[in-house]
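Read the numbers this way: they start at 1 and go in the same order the structure lists the ligands and their atoms.
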Amino acid sequence: MKRSFSNSKRRPQTSSEPLIADVTISEVGARGDGIASVEGVKVFVPLTVPGDRVRVRIKDGANEKSADKGEALRADLLEILEPGPGRGTAPCGHFGTCGGCTLQHMGDGSYAAWKVGLVRGALARVGLGDLPMEPLSRTPAAARRRARFAALKRGKRVWFGFNERLSHRLVDLEDCPVLVPRLTALVEPLRALLLQVLPEGGACDVIATDLEGGIDLVLVGPRSLDRTARERLVAFNEAEIARISWQPDDRGAPEPIAHRRPVAVRFAGVPVTPPPGAFLQASAEGEAALVSAVLEHVGEAKRVADLFAGIGTFSIPLAQRSAVHAVEGDAPAQAALNKATGSLRLTTERRDLFENPLTAKELARFDAVVFDPPRAGAAAQAQALAASKVPLVVAVSCNPATFARDARTLVDGGYTLKRVYPVDQFLWSAHVEVVGVFTR
Ligand SMILES: C[S@@+](CC[C@H](N)C(=O)[O-])C[C@H]1O[C@@H](n2cnc3c(N)ncnc32)[C@H](O)[C@@H]1O
């Protein structure tokens, strides 16, 4: 028989039996799990909201560090004894197993407040928590235009979808309320295609991006493609597919397999041809919110540097009114932006900004700097900016923790963090984007 104890009772010292506890969730942590306390130890319980009274099974050996670096435990939710006030109804049948969305069980108000709290919490941890926050920009359902699926062939079947949470097991996707309908409609045809392309036991990822002209597909991971597999890819008869590439692993460059139609994405009306699998903001709505915050503050600055510029999400709109220097580390992305510059006052440079950030001296010619690094943030570039005299810096980030770290560097260098914009473009996930405006 399973032993049961509540967080008011003592915890056994040793036990090989599963540990069952009745706990009350007090908050939701940065990864989206509810947090309860059992005898002073934090217990993370997925799929819960504050105020939930729940029965959980505490996992043996599932210790982890909590955000405050204390020891913490993980638990599985067994039963909701009394729901908390912030519960909602999950719209997706895969919710609970699929790792793509972990927060559909939250009512909309608590969900939005929690997302804003992620940004506020990260800033508070570096002593910048007392700033008023702009309202959360929201992205609706069915708006995600870029997704990375996983696929695995077993016997006469291909499993295709997203990984389960904290697992390599695949959720075999039927529907997805987050994706644009053109991507959801591709799930079944892709499953059928991969049944013919993958060897038995073979696996790959598929990056699908909805672009003007059609869908861009990159198969990542089949280590080799024989002639038959290539022919099947070329013959893949889905009207929506514009381009197919193959990349043996995450580091290599994608090799074109089929190119049926030109593809493009437009920034401020200017078409850019993204290289296969190029970075693109996850939704048009999220992109619009980020660009609008950037433009509002950069305003009429004469000379602007756009760092980690990608294929020009910010550079091109900025170049409608300023002279812009766009710096990007990825050669194909820089080349794509370079090709699109036309009559714009836009120069580009390929440069590794982790190893070789723009120095304070180089930065001296700009009236404003925009930077939008990957999740690791821009530690070295923030240091150089802190030592510069650039009057305005706008930081865009998909990671509140590194954003806060870099914000602290800028503030220590004499900048004031004036405005903070949280942007939710990864609906029902624990991710949130942020734009920060710094002046000196
Ligand atoms: C979050 S994306 C932003 C791209 C662009 N600003 C946009 O919104 O579409 C980060 C960009 O940084 C680039 N990047 C990553 N590491 C880099 C590095 N060490 N130096 C320069 N660019 C880098 C990536 O190639 C990517 O284009």
Proximity to ligand 1 by part of Pro373, non-hydrogen separation under 4.0 Å: backbone
Subset of ligand 1 atoms that lie under 4.0 Å from at least one heavy atom of Asp352: 18 (C), 19 (N), 20 (N)
Protein residue, atom and distance nearest to atom 20 (N) of ligand 1, heavy-atom basis: Leu353 N, 2.8 Å
For Asp330, the ligand 1 atoms whose distance to one of its heavy atoms is below 4.0 Å: 25 (O)
Heavy-atom pair with the smallest gap, counting every atom of His431 and Asp424: O-OD1, 4.0 Å
Distance-minimising heavy-atom pair for His105 and Phe95: ND1-CZ, 3.3 Å
Closest approach of any protein heavy atom to atom 23 (C) of ligand 1, naming residue and atom: Phe308 CD2, 3.5 Å
Closest heavy-atom pair and its distance - Glu328, Ala333: CG-CB, 4.0 Å
Which residue and heavy atom of the protein sit nearest atom 10 (C) of ligand 1, plus the separation: Asp372 O, 3.3 Å
Nearest-neighbour protein heavy atom for atom 26 (C) of ligand 1, which is reported as residue plus atom name and distance: Glu328 OE1, 3.6 Å
Distance-only polar pair, side chains of Ser315 and Asp306, donor-acceptor under 3.5 Å: yes
is_close_aromatic(His297, Tyr421), centroid dist under 6.0 Å: yes
Closest protein heavy atom (residue, atom, distance) for atom 16 (N) of ligand 1: Pro374 CG, 3.8 Å
Region of Gln281 that comes within reach of ligand 1 [heavy atoms, distance under 4.0 Å]: side chain
Close approach, Arg351 and ligand 1, non-hydrogen under 4.0 angstrom: yes
Structural part of Cys398 in contact with ligand 1, heavy atom criterion under 4.0 angstrom: neither
Heavy-atom nearest neighbour in the protein, as seen from atom 22 (N) of ligand 1, with distance rounded to 0.1 Å: Gly329 N, 3.0 Å
Least distance between heavy atoms, Leu385 atom then Ser388 atom: O-OG, 2.7 Å
Donor-acceptor pair between His94 and Glu174 side chains, under 3.5 angstrom: no
Proximal atoms of ligand 1 relative to Phe314 (non-hydrogen, under 4.0 Å): 6 (N), 8 (O)
Charged N-O contact under 4.0 Å between Lys153 and Glu200: no
Pair Gln425-Thr139, side-chain donor/acceptor within less than 3.5 Å: no
Protein residue, atom and distance nearest to atom 9 (O) of ligand 1, heavy-atom basis: Thr313 OG1, 2.6 Å
